[in-house]
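Notes for the one structure printed next.
Residue numbering restarts at 1 for every chain, and letters A, B, ... go by the order of the sequence lines. What you see is a predicted model, and the numbers here were worked out from it, not measured in a lab.
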Amino acid sequence: MTKKFFITTAIDYVNGRPHVGHAFEKILADALARWKKIEGKEVFLLTGTDENAQKNAQVAKEKGVPIQKFVDQNSKIFIELCKILDVNFDRFIRTTEAEHKKLCQDIFKKVYDKGEIYKGKYEGYYCTGCEAFITEKDLVEGKCPEHNKEPEWISEDSYFFDLSKYKRELIDFIEKGYIVPETRRNEILSRLKNEELKDLCVSRSNLDWGIDNPIDPKFKIYVWFDALLNYVSGANGNWPADVHIVGKGINWFHSVIWPAILISAGYKLPKTLLVHGYLNLGGKKIGKSLGNTIDPIDLAKKYGADPVRYSLLKCSVFEDSDYSEDILIERNNNELANKLGNLVSRIASLIEKYGLEKTENSLLKKLKLKSIEKHMQNFEVDKALNEIFAFVDICNEYVQNKKPWETHDKKVLYEIADSIRIIAILLWPFIPSTSEKIGKQFGFKKFLLSEIEKPLSPSNIKKGELLFKKIEL
RNA sequence: AGCGGGGUAGAGCAGCCUGGAGUGCUCGCAAGGCUCAUAACCUUGAGGUCGUGUGGUUCAAAUCCCACCCCCGCUACCA
């Protein structure tokens with residue numbers, strides 16, 4: 001079996017409902033996966049949920065639900081999110097799966113046997129209010145700011161991973177270009193070069209939830225050691241990953257800790273880490289406490305998958321960007337309905353009346369395909385979409401100038417119809433169900449870049465239903 | 001504090017690396033055109049001291065250098 005192009009998303013905590021940030025990452029991953037597909041490649045897309053975290057156990061306890069039942073329920077919501085947004089994953093991994101747990105323990109043991117996990121003392125300030133260690137600089141006047149309590153100094157046995165050993169190797173690996181974009185790469189490199197790299201504590205005590213430490217059953221495995229390994233246990237033979245897609249908040253874990261674990265355990269390293277920015281809602285950070293969350297499942301139910309997908313994919317991948325329901329509506333109305341939907345609608349209507357005559361498509365040379373491909377290569381999805389929609393504009397101008405409603409010129413209509421076919425192919429990764437509708441209406445089935453130059457066979461085209469409805473504000 | 005990113009028309013951006021008239025994009029606003037189409041589409045126009053410095057380099061600076069102001073991010077076991 002040949003290895004497929006392997007894309008991952010981060011796996012999500014299931015202690016709450018998904019927000020638009022989760023949706024953004026999954027849609028981005030799906031769009032990149034589908035783009036690879038129209039390039040003719042075989043793709044494997046992995047996503048899933050991170051279920052062994054103590055936070056999940058905490059929230060379950062607060063709600064009075066048995067932990068396993070709680071994570072089962074919430075994991076389903078993340079699967080529902082994918083389904084409703086047409087995120088076509090090939091594997092949905094849950095870190096509570098037996099296979100994953102076994103792999104985790106095997107790797108933990110392997111690294112331990114190699115001598116790169118060792119027993120030591122974990123020392124630090126422990127706040128009994130938080131039930132967690134807190135760092136010295138988080139203290140306010142020597143007290144935990146949240147509980148206004150003086151923390152205890154605790155020293156306890158722990159297992160450590162020999163992360164510091166890999167400093168040089170990590171720098172070399174990252175300098176070869178693992179992290180995208182460059183600014184995130186520089187952030188990590190400067191920290192690696194300028195700060196001390198400490199060993200990583202990979203065990204936790206006093207927990208009743210998580211994967212058992214195979215060396216010492218009094219401990220659980222640190223949840224990040226466990227979570228990162230989902231990429232291997234869920235790979236179905238496709239490791240190493242070609243692209244890991246993660247948010248900027250977990251860059252360190254994926255840039256430093258993850259490659260180090262892999263080197264130590266004797267695995268190949270992933271090719272690219274794509275670090276995306278966050279979405280702000282109305283200029284504010286997404287947060288439950290702010291009460292400004294939009295439920296992406298509700299959005300999809302209300303407006304359909306494609307307007308949600310499109311409006312999110314128009315956000316900048318690398319920078320933080322603003323998102324809101326108003327932005328969704330604006331992009332739906334102005335770009336999807338007015339430009340694309342209306343073009344298809346007016347042309348289908350004209351063809352129904354006057355018919356088609358095959359000819360060379362003179363518009364094709366105005367399509368900046370190379371530029372679109374380059375943007376996709378660089379993960380600049382928003383810019384690729386701009387370029388595709390620039391071609392939609394060119395089509396609308398052409399209709400305007402050629403006035404086929406007066407001339408009844410079947411050749412002009414053919415050129416536009418063929419251009420619409422090309423647009424549908426290019427947009428399939430982003431708004432797949434719309435593209436497929438256009439395919440049905442215009443009589444073509446293949447969504448591949450290699451089909452672009454193959455002319456449309458004229459068929460019986462009818463006006464049909466509107467692709468996008470306008471949303472009233 | 002350290003490191004990084006940003007400050008360009010009413011809003012959001014691109015342009016900066018590799019200097020050449022403030023060029024461009026998405027929207028908003030104004031006027032006109034068209035009537036095939038989802039009151040859609042097309043054309044034109046108004047609107048900018050390109051954060052500040054009457055700073056440096058240059059024939060020429062949004063672009064390179066310096067200083068300052070403002071915003072934002074990252075700072076490891078907390079996703």
Sugar-phosphate only, base, or nothing, as touched by A/N332 at under 4.0 Å among non-hydrogen atoms: nothing

Sugar-phosphate only, base, or nothing, as touched by A/R331 at under 4.0 Å among non-hydrogen atoms: nothing

A/N251 CG - B/G4 P separation (whole Å): 16 Å

Touch class at under 4.0 angstrom, heavy-atom based, for A/Y354 against every strand present: nothing

Closest listed nucleotide, where the reference is the side chain of A/E335 and the choices are B/C36, B/U38, B/C27: B/C27

Sugar-phosphate, base or nothing in reach of A/R185, heavy atoms under 4.0 Å: nothing

Presence of A/K469 side-chain N/O under 4.0 Å of B/U38 phosphate oxygens OP1/OP2: no

A/K463 vs B/U38: side-chain N/O to OP1/OP2 distance below 4.0 Å: yes

Proximal nucleotide (of B/A79, B/A76, B/U38) relative to the A/W252 side chain: B/A76

Interatomic distance where CG belongs to A/L192 and P belongs to B/G4 [whole Å]: 15 Å

B/U52 versus B/G7 - spacing of their P atoms, nearest Å: 12 Å

Pairing partner of B/A21 (Watson-Crick or G-U wobble, both distances under 3.5 Å): none

For atom CG of A/L467 and atom C1' of B/A37, their distance in whole Å: 12 Å

Pairwise C1' distance for B/C13 and B/C50, with rounding to whole Å: 14 Å

Among B/C77, B/A79, B/A76, the nucleotide that comes nearest once only the side chain of A/R191 is considered: B/A76

Protein-nucleotide distance (A/L340, atom CG; B/U26, atom P), rounded to Å: 15 Å

Selected nucleotide, minimal atom distance to A/L200 side chain, candidates B/A40, B/U26, B/C77: B/C77

Gap in Å between the two P atoms, one belonging to B/C42 and one to B/U26, rounded: 10 Å

Ionic contact status for A/D72 with A/R94, cut-off 4.0 Å: yes

Length of the line joining A/F160:CZ and B/A76:P, which is rounded to integer Å: 16 Å

Spacing between A/Y414 atom OH and B/C36 atom P, to the nearest angstrom: 25 Å

Paired nucleotide for B/G4 [Watson-Crick or G-U wobble; both distances under 3.5 Å]: B/C72

Working for salt bridge (charged side-chain N to carboxylate O under 4.0 Å, His left out), residues A/R168 and A/D172: CA-CA 6 Å; A/R168 191 67 248 164; A/D172 290 345; 3.2 Å; yes

Sugar-phosphate only, base, or nothing, as touched by A/I257 at under 4.0 Å among non-hydrogen atoms: nothing

Touch class at under 4.0 angstrom, heavy-atom based, for A/K339 against every strand present: sugar-phosphate

Euclidean distance for C1', B/U8 against B/U49 (whole angstrom): 12 Å

Which nucleotide in B/A79, B/U26, B/G28 has an atom nearest any side-chain atom of A/N334: B/G28

Rounded distance in Å between the C1' positions of B/G12 and B/G55: 32 Å

Sugar-phosphate, base or nothing in reach of A/L197, heavy atoms under 4.0 Å: base

Rounded distance in Å between the P positions of B/A40 and B/A46: 24 Å

Sugar-phosphate only, base, or nothing, as touched by A/K198 at under 4.0 Å among non-hydrogen atoms: base

Whole-Å C1' distance, B/G45 and B/G28: 14 Å

Whole-Å P distance, B/A30 and B/U75: 46 Å

Paired nucleotide for B/G32 [Watson-Crick or G-U wobble; both distances under 3.5 Å]: B/C42

Partner nucleotide of B/G48 by Watson-Crick or wobble geometry (both distances under 3.5 Å): none

Selection from B/A14, B/A40, B/C78 that lies nearest to any side-chain heavy atom of A/K383: B/A14

Phosphate OP1/OP2 of B/A79: any A/Y13 side-chain N/O under 4.0 Å: yes

d(CD1, A/I188; P, B/G4) in whole Å: 14 Å

Distance-only side-chain donor-acceptor flag, A/K470 / A/N338, under 3.5 Å: yes

Shortest non-hydrogen separation from A/P270 to A/F173 and the atoms involved: O-CZ, 3.5 Å

5′-ward residue of the pair A/L163/A/A53 relative to RNA chain B: A/L163

CG on A/D216 to OH on A/Y159, rounded to 0.5 Å: 3.5 Å

Test log, rule ring pair (Phe, Tyr, Trp, His ring centres under 6.0 Å), inputs A/F468 and A/Y310: CA-CA 12 Å; A/F468 303 99; A/Y310 179 79; 8.2 Å; no

Salt-bridge contact A/E415-A/K402 (side-chain N to carboxylate O under 4.0 Å): no

Closest-nucleotide ordering on RNA chain B, the 5'-leading residue of A/V223 and A/E397: A/E397

A/H408 and A/Y354 aromatic ring geometry - parallel, tilted or perpendicular at 30°/60° bounds: parallel

Nearest-angstrom distance from the residue atom CG of A/D382 to C1' of B/C25: 12 Å

Touch class at under 4.0 angstrom, heavy-atom based, for A/N396 against every strand present: sugar-phosphate

Nucleotide forming a Watson-Crick or wobble pair with B/U26, both distances under 3.5 Å: B/A11

Sugar-phosphate only, base, or nothing, as touched by A/W224 at under 4.0 Å among non-hydrogen atoms: sugar-phosphate

Note: A/D208-A/K61 ion pair, threshold 4.0 Å (strictly below): no

Any-strand Watson-Crick or G-U partner of B/C77, both distances under 3.5 Å: none

